Each structure stands twice: as C-alpha cells, then as structure tokens.
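Just below is one structure, and these are the notes that go with it.
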There are 2 protein chains.
Amino acid sequence: MLQLSKKVEYGLIALRHMAMNQRGQVFTAKEIAAKYDVPYELLAKVLQKLSKAGVITSTQGIHGGYALARKPNELQVSHIISIIEEEKPTIAECYAEGGEDCQIFNVCTIRKPLGKMQQNLNLLLENTTLEQIV
Amino acid sequence: MLQLSKKVEYGLIALRHMAMNQRGQVFTAKEIAAKYDVPYELLAKVLQKLSKAGVITSTQGIHGGYALARKPNELQVSHIISIIEEEKPTIAECYAEGGEDCQIFNVCTIRKPLGKMQQNLNLLLENTTLEQIV
DNA sequence: TAATATAAGACCGTATTAGTCGTATTTATG
DNA sequence: CATAAATACGACTAATACGGTCTTATATTA
C-alpha cells in the first residue's frame with residue numbers, strides 16, 4: 001500500500017552507493033549485490049534500465065561495471081521510479097498513462113479532488129533527489 | 001506502484017457521497033454501489049470497517065444504512081487508509097509495524113534518508129481531509 | 001581463448017488484491 | 001408474525017503483480 005517496490009529500493013541503494021564514492025568510479029552489479037545482500041539478477045536488471053536511461057553509464061567486459069552519470073542533486077526520485085517501473089508514480093490508475101480507461105472514470109467523483117494530492121506527491125518525489133539520500 | 005487500493009478508492013467515493021449531503025442522512029451500500037458502479041459486496045465490506053472504526057454509523061434493518069459520523073474536516077485521508085487497509089500507509093516495509101523484520105534492515109542504507117520522505121507523505125495524507133475531497 | 005562483465009528476455013512461484021458467495025442477524029412494516 | 005430489506009461476517013475464488021531465477025548472447029580484457 002503506497003510502497004516503493006523492491007526494484008526501486010535496490011536501485012536507490014545502488015545509486016546511493018555510487019554517489020557516496022568518487023564520481024566516475026565503476027562498480028559491478030555483483031559487488032553491490034553482495035555488499036547489500038540483494039539478489040544479483042534483480043539488481044542487474046534494474047541497473048540495466050538505469051543505464052539505458054542514461055542515469056548511469058555501463059561498460060561491458062572484464063573490467064566493466066556501472067558508474068554514476070549525473071550529479072546526485074540532479075537525480076530526482078520521481079525520475080528514478082519512472083525509469084525502473086516504466087511508468088510514473090501515481091496515486092490512482094486515472095493519473096497514469098491511459099488513465100481514461102479506468103472502469104469508473106466517468107462516474108468517479110474523487111478524481112478531481114485527489115488530483116491535488118497527486119500533485120503534492122509529484123512535488124515530494126521531485127524535490128527528493130539522490131543527494132538527500134546520500 | 002504507490003497507488004491507493006480499490007478498496008480505499010471505493011471508501012473515499014462513498015464517504016464523499018455522504019459528505020455531500022445532509023449530515024446524518026442514511027445511505028445504503030446498495031444505492032452507493034449502484035450510483036458509482038462499484039462492486040456492492042466489496043463496498044459493503046469497506047463500509048463495515050469504517051463503521052466499526054466509528055467513522056460512519058450503521059443501522060441494520062429495513063430502513064438501515066450508513067451515515068457519516070464525523071465532520072468532513074476531521075477525517076484525514078491517512079486515517080481512512082489505516083482503517084481500510086488495517087495498516088498505516090508506508091513508503092517501505094521498514095516504516096510499517098514490525099519493520100525491523102525487513103530482510104535487509106541492517107545493511108539498508110536508504111532507510112534513514114527515506115524517513116524524511118515518509119514523514120512528508122504522512123503530512124500530506126494527514127493534511128488531506130474528506131473536506132478537500134468534497 | 002578463457003574469464004568476467006553487461007544485455008535481454010523468458011520463466012516461475014507466491015503474495016496480494018479484487019471480487020464473489022453464502023449465511024446469519026437485525027429491524028420496519030403489512 | 002411473516003416477509004422484505006438491510007447490515008455483519010467469514011470463506012472462497014480469480015486475476016494480477018511482484019520478487020526472484022534461469023538461460024543465452026554479447027562485449028572486453030588479459
């Protein structure tokens with residue numbers, strides 16, 4: 001209920017790990033997974049998404065790994081969630097993409113009033129950056 | 001992902017319906033379900049929880065139904081969620097009751113920093129009352 | 001060429017959620 | 001007093017989401 005998914009948690013933990021160290025330093029999914037006792041494959045997939053989105057860089061091969069590509073204060077939690085979940089964090093179906101498909105869209109009376117709550121959540125997630133999490 | 005459950009949505013819709021009308025007016029689960037095209041049995045169970053918690057009153061029998069027991073501005077969304085979900089809305093397992101049982105509790109580095117986000121969410125859900133939703 | 005890393009996608013088991021059903025109880029009314 | 005209409009409550013089922021695993025391919029370096 002309203003909780004971040006494990007994938008997002010793992011992503012944040014990994015990003016924080018990178019942000020704590022020298023800019024540009026490379027870390028493997030394996031070492032991060034081991035350090036925080038997190039399932040390797042799952043973390044790997046999360047990091048792949050973040051890399052595809054340009055949040056981190058990836059280098060393959062024997063000395064490869066991931067490195068933070070942005071400054072921590074430029075990385076909003078809202079953005080990180082969007083990347084990992086492949087959709088924006090919303091408080092209800094109707095605020096997500098294609099929200100008009102909600103079964104009760106037309107008779108729903110709380111959509112408009114809850115919109116304000118959604119906006120406030122957006123603000124909260126935008127104002128929280130990786131910098132705050134370090 | 002971060003979304004309110006259907007049960008909470010239905011509960012809010014029903015509460016709003018009551019708040020829109022005269023204080024003390026009685027509504028049946030059936031008529032609300034019909035009006036908003038929401039599954040009757042599910043709504044009924046939600047209303048039962050709200051009634052048990054004292055948010056609405058219930059009267060059985062042929063002219064029975066539910067009526068709002070509090071002023072809309074006294075009804076926080078956070079409270080409504082807690083009643084319906086039977087647990088407080090949290091951003092991560094570790095902030096819920098028994099959160100120390102989280103697998104990675106000890107190595108988790110984001111718990112403390114995310115605590116601020118949790119607090120802000122709490123504020124948001126407390127500051128949003130039924131009055132705002134009417 | 002071997003070792004080690006990311007890339008990508010299929011797959012599975014389980015937990016949660018949404019929704020249904022059945023039955024008991026209460027209460028007004030003809 | 002019988003019946004109808006309402007809540008009360010718990011068991012059950014179905015659908016979906018989530019967490020996690022497995023497999024195979026590709027890239028890079030030594």
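Since the model is a prediction, treat every value here as computed from it, not as a measurement. Lettering follows sequence order; numbering is per chain, from 1. FYI, side chains are in, hydrogens and waters are out, and symmetry mates aren't considered; it's all heavy atoms of this structure.
Atom CG in B:Leu2 sits roughly 17 Å away from atom P in C:dT16 (whole-Å rounding). Whole-Å rounding puts the B:Tyr40 OH to C:dA18 C1' distance at 17 Å. If you measure from atom NZ of A:Lys30 to atom P of C:dA7, you get 16 Å, rounded to the nearest angstrom. One atom, NZ of B:Lys7, and another, P of C:dT20, lie 14 Å apart when rounded to the nearest Å. Rounding to whole angstrom units, CD of residue B:Gln60 and P of D:dA4 are separated by 18 Å. Taking atom NZ of B:Lys45 as the reference point, atom P of D:dT13 lies 14 Å away to the nearest angstrom. Per the geometry, CG belonging to A:Leu42 stands 18 Å off P belonging to C:dC12, to the nearest Å. Distance A:Leu43 CG to D:dG20 C1': 13 Å, rounded to the nearest Å.
The hydrophobic clustering, which links ILVMFWY residues whose side-chain heavy atoms are closer than 4.5 Å, places A:Val26 and A:Met20 apart.
At C:dG19, one or more side-chain N or O atoms of B:Tyr10 fall inside 4.0 Å of OP1 or OP2 (strictly under the cut-off). Residue B:His63 places at least one side-chain N or O closer than 4.0 Å to OP1 or OP2 of C:dT29. Put simply, A:Ser58 has a side-chain N or O that comes within less than 4.0 Å of OP1 or OP2 on C:dA7.
Using a cutoff of 4.0 Å between basic side-chain nitrogens and carboxylate oxygens, A:Lys6 and B:Glu93 are scored as salt-bridged. Using a 4.0 Å cut-off between a side-chain N of Lys or Arg and a carboxylate O of Asp or Glu, B:Lys49 and B:Glu86 qualify as a salt bridge.
Between B:Lys112 and B:Tyr95, the closest heavy-atom pair is N-OH, 4.3 Å.
Nearest-nucleotide positions on DNA chain C for A:Gly65 and A:Glu41 put A:Gly65 closer to the 5' end. Between A:Pro39 and A:Gly61, the residue anchored closer to the 5' end of DNA chain D is A:Pro39, taking for each the nucleotide with the nearest heavy atom. Comparing A:Thr59 and A:Leu4 along DNA chain D, the residue whose closest nucleotide (by nearest heavy atom) sits nearer the 5' end is A:Leu4.
You'll find that the side chain of B:Ser5 is closest to C:dA18, out of D:dA4, C:dA18, D:dC9. Nearest to the side chain of A:Ser51, among C:dA7, C:dA28, D:dC9, sits C:dA7. In this structure, the nucleotide among C:dA7, C:dA18, D:dA6 sitting nearest to the side chain of B:Lys6 is C:dA18. For A:Gln48, whose side chain is taken as the heavy atoms from C-beta onward, the closest listed nucleotide among D:dT7, C:dT6, D:dA4 is C:dT6.
Using a 4.0 Å heavy-atom cutoff across all strands shown, B:Ala29 reaches sugar-phosphate atoms only and no base atom.
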- Task: Evaluate the criterion side-chain hydrogen bond (donor to acceptor under 3.5 Å, both in side chains) for residue pair B:Ser5 and B:Glu85; output intermediate values, then yes/no.
- Result: CA-CA 9 Å; B:Ser5 68; B:Glu85 301 292 355; 2.5 Å; yes
